[in-house]
Amino acid sequence: MPLTPQSSDDFALLHASARASLPDRSRWTVLWMMGVAVLAIAAVVALVWYLNHFETEEEERRRGADALWLEQSVQFHFRRLEDDVAQLAREAALDGPGAWRRPGRGAGAEDEPSGLLWRAPGVVAARVWLAERGDDAGDVAAWYEDVARSDHNRQALATAQDIARGLRRASYAGPMRREDGSSTDRVWLVVPYFDGARPMGTYAVALAMERAVQVLLPPWFLQQQAVRLVVDGAEPLAAPQARLQPYRTVMNLPGTDLLLEVVPRGPQASSVPRLFFVVALLFLLGMLASLAALRRDFGKRQQVQQRLLAEVALRTAMERSVTIGMRAWDMEGRILYVNEAFCSMLGYSSEELRGARAPLPYWPAEQAGRLDALHRSVIREGTRPEGIEIQFQHRDGHLVDVLVHEAPLLTADGRQLGWMSSVLDISERKRAQQLAALQQEKLEASARLVAVGEVASTLAHELNQPLGALASFASGLLNRMERGSLGEDELQAVVRRMAHLAERAGGVTQRVNAFARRRELDLKRLDLVPLVRRAALSAQEAHGTAVQLALPGAPVWVQGDALLLEHLVRNLCANALDWAGHGGGPPRVEVRLQPCPADEGQVELAVADSGPGVPEAARARIFDAFFSTKEGGMGMGLAICRSIAEAHHGRILVEQDERLGGARFAARLPLAPALDLSAPSKP
């Protein structure tokens, strides 16, 4: 049986259970386990500190040894380079410029210097012999090019020559600078040669220091740290790890201020201490897992009890806060549980409903048979995902529209006990739907009345001219017949004209009738050029004013209804002809058919007149139904034109015409797609 709501506060029981003291034995056991855990954690912390301290000291010792090796290696190779340059200086002093032209000299020759820096490609960028007496030789242009770049270079090179001659030893100058003052990695090594006490000249070589550093460092050294040349006290590089700071060592090249910056790539820790730490950590984790298992066993009963109380408190809070009716019944249709929202919805107490069977007290008497069949179907199959809409009867007699969803009520082992129902009161929604349906019916009735009015207004607007013309022709015909001045040929012409007007009136009726009914358009691929010419000439004939046509010679194909498009052109022309004579000059109307300037996929049909134009204030409403600026106008012609253009997925605009000065109505229609001539024709 389900738990019934309790009158006492379940949250108070939960708090009281949490504050309950543990037995003495459990308390001492917990304290003992906590002490062991604290000791184990302290041992791990101490071991981590020792390993970190040990690795730091090892790293410092290794860094010191690497720095000392790097400094000694740099000094050794540059001293060897100085000896090689001194040998070349002696040869240049004795042989003069012929030393560069001697056959057999070059890389691999027996008397060629064999130092690492001399042999490595790219280190020696230039070499020059500056003789005290006689001609200079070698890359003299490179020397004087550096001298000319900046005053700093000139002073550094002059100082190096003075030191070399004065102290009779090798000297360095650099690094050289560019014209903008920025430093390069180029350094000149100047070595003097003396014949006894008499200076013979200096031998200078330009060194690419970046390349020299790359040559000096073996691969095993670069695997552990990165090295770069520091010129003019540049900022240090960032190390991969915060605790591994870069360090610098002096290159000890007299006359230069060059440093080598070494950035450790990572600690090279020994694996034995780490292995010891991993083993100790595994033992510690095992011990902590054992302590956790013991603690779990001790507190298992308290946790289960607190969880049960929390679930009871949660369910009680849900019952008090939910506004949806909840109902549970077994597989025999007997109600097992109802919540307060369900009781409030129907006006019955939980005691009255719990244990009830079909027919249930809240079933309407007139629907008892249908609800009983539905009740049995729900017990067998449940409800669909969208639920079922039915009516229940309140205790006071009024009907309540509800939406019911059913979900299986299962035991812990998956066996179904019955069904759990959620019952939602949708009476307000039903009333809102009925009110909306009533309003929709009223709107549709109003729309039908408006449509009838539009059709009547459109018919009056469109039939006014042909019927007036028919009346005029009939009156003229009667007058001529009474006077006996009408010949048979003239009679045939007048009757033929009246038949044409009657046919036109019939066409207007058909067009307006089809347009008012919003029938499907009879879309066909048609050429606008002859259609526009035919409609414009018809309007010209009706008004007696010439219409100028500017039509392309090639066909203009569109997908449209010929009847409606002809009506569009005739209406625009008739409107232009009505206003063309109000501009103060001779009436002029032009019809232009041209590509749309804003979209290559559309064609623009423009009708311009020499009338006064459309006022700026009226342009926003000129296409509205029943709005007209013409005295006695009904305001339907342009509204129909806009509807026809939009029905063909186009639009219509109004603006001032620059050439004629009056109004310019432009209808833009999409062009028909090109015919696929490669497609097979139908038999």
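As the structure is a prediction and not an experimental result, all values here were calculated from the model.
Atom CZ of residue Arg651 and atom CG of residue Leu653 lie 4.5 Å apart, to the nearest 0.5 angstrom. Note that the CG atom of Leu409 and the OH atom of Tyr337 stand 11.5 Å from one another [nearest 0.5 Å]. To the nearest 0.5 Å, atoms CZ (Arg668) and SG (Cys596) are separated by 4.0 Å. Atom CD of residue Gln391 and atom CD of residue Glu389 lie 10.0 Å apart, to the nearest 0.5 angstrom. In this structure, CG in Leu399 is found 12.5 Å from NZ in Lys430, a value given to the nearest 0.5 Å. How far CG of Asp146 is from NE2 of His152: 11.5 Å, rounded to the nearest 0.5 Å.
Checking side-chain atoms of Ser427 against main-chain N and O of Asp401 turns up a donor-acceptor pair under 3.5 Å. Side-chain N or O atoms of Gln656 include none that pairs as donor or acceptor with a backbone N or O of Ala663 at under 3.5 Å. Side-chain atoms of Glu566 do not come within 3.5 Å of backbone N or O of Leu563 as any donor-acceptor pair. Listed for the Ser610 side chain is no donor-acceptor partner under 3.5 Å among the backbone atoms of Leu660. Between the side chain of Ser344 and the main chain of Glu340, a donor-acceptor pair closer than 3.5 Å is present. In terms of modelled atom types and a separation under 3.5 Å, the side chain of Asp185 and the main chain of Glu210 share a donor-acceptor contact. Not one N or O on the side chain of Arg395 forms a donor-acceptor pair closer than 3.5 Å with the backbone of Pro361. Using modelled atom types, one side-chain atom of His582 and one backbone atom of Asp578 make a donor-acceptor pair closer than 3.5 Å. For the pair Asn339 (side chain) and Gly325 (backbone), a donor-acceptor distance under 3.5 Å is absent. Side chain of Asp396 to main chain of His398: a donor-acceptor pair is present (N/O by atom type, distance under 3.5 Å, no hydrogens or angles).
Contact record, Pro612 with Trp579: CD-O, 3.7 Å, taken as the closest heavy-atom pair. Across every non-hydrogen atom of Trp557 and Pro555, the tightest pair is NE1-CB, 3.5 Å. What you find for Asp425 and Val402 is that their closest heavy atoms are CA-CG1, 4.4 Å. The nearest pair of heavy atoms linking Pro673 to Arg525 is O-NH1, 2.7 Å. Ala536 approaches Leu549 most closely through the heavy-atom pair CB-CD2, 3.7 Å. Of all heavy-atom pairs spanning Ala576 and Val607, the tightest one is CB-CG1, 3.7 Å.
Within the 4.5 Å cutoff, the side chain of Val603 has no heavy atoms near those of the Pro595 side chain. Looking only at side-chain heavy atoms (C-beta outward), Ser350 and Cys343 come within less than 4.5 Å of each other. The side-chain heavy atoms of Leu605 and Leu669, taken from C-beta on, include no pair separated by under 4.5 Å. Within the 4.5 Å cutoff, the side chain of Glu604 has heavy atoms near those of the Pro597 side chain. Side-chain contact between Val591 and Cys573 is present, with heavy atoms from C-beta onward closer than 4.5 Å. Leu593 is listed as a side-chain neighbour of Pro552, based on a closest heavy-atom distance under 4.5 Å. Counting heavy atoms from C-beta outward, Leu572 and Leu638 have side chains that approach closer than 4.5 Å. Proximity of Val423 to Met326: side-chain heavy atoms (C-beta onward) are nowhere separated by under 4.5 Å.
Between the side chains of Ser421 and Arg327, at least one donor N or O sits under 3.5 Å from an acceptor N or O. For the residue pair Glu541 / Ser538, no side-chain donor-acceptor distance below 3.5 Å is found, with atom types taken as modelled. Arg431 and Gln434 form no side-chain donor-acceptor contact under 3.5 Å, judged by distance and modelled atom types alone.
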**Message:** With side chain to side chain contact (heavy atoms under 4.5 Å, CB included) as the criterion, how do Tyr348 and Leu353 come out once you've worked through the C-alpha distance, each side chain's angles and the decisive distance to 0.1 Å?
**Reply:** CA-CA 7 Å; Tyr348 294 92; Leu353 297 178; 3.8 Å; yes
**Test log, rule side chain to side chain contact (heavy atoms under 4.5 Å, CB included), inputs Leu403 and Ile388** = CA-CA 6 Å; Leu403 177 64; Ile388 56 174; 5.9 Å; no
**Request:** Go through the steps for Arg664 and Glu590 under the test salt bridge (Lys or Arg N to Asp or Glu O under 4.0 Å), then give the verdict.
**Result:** CA-CA 9 Å; Arg664 178 178 181 270; Glu590 289 186 3; over 6 Å; no
**Chi angles and distances behind the ring pair (Phe, Tyr, Trp, His ring centres under 6.0 Å) call for His375, Trp329** = CA-CA 11 Å; His375 178 72; Trp329 51 14; 4.5 Å; yes
**Request:** Check step by step if ring pair (Phe, Tyr, Trp, His ring centres under 6.0 Å) holds for Phe342 and Tyr362.
**Result:** CA-CA 11 Å; Phe342 187 84; Tyr362 48 79; 5.6 Å; yes
**Message:** Run the side chain to side chain contact (heavy atoms under 4.5 Å, CB included) test on Val558 and His648 for me, step by step, so that the C-alpha distance in whole Å, both residues' side-chain angles and the decisive distance to 0.1 Å come before the verdict.
**Reply:** CA-CA 10 Å; Val558 297; His648 287 78; over 6 Å; no
**CA sep, side-chain torsions, deciding dist, call: Val614, Phe665, side chain to side chain contact (heavy atoms under 4.5 Å, CB included)** = CA-CA 10 Å; Val614 180; Phe665 289 88; 4.1 Å; yes
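One finds no salt bridge joining Arg588 and Asp609 here, because no Lys/Arg side-chain nitrogen approaches an Asp/Glu carboxylate oxygen to under 4.0 Å. Contact check on Asp657 versus Arg592 returns a salt bridge, with a Lys/Arg side-chain nitrogen under 4.0 Å from an Asp/Glu carboxylate oxygen.
For CD of Glu366, the number of neighbouring non-hydrogen atoms (other residues, nucleotides, ligands) closer than 6.0 Å is greater than 12. Environment of NE2 in His394: crowded, with over 12 heavy atoms of neighbouring residues, nucleotides or ligands closer than 6.0 Å. By the neighbour-count criterion of 12 heavy atoms within 6.0 Å, atom CZ of Arg376 is sparsely surrounded, having that number or fewer from other residues, nucleotides or ligands.
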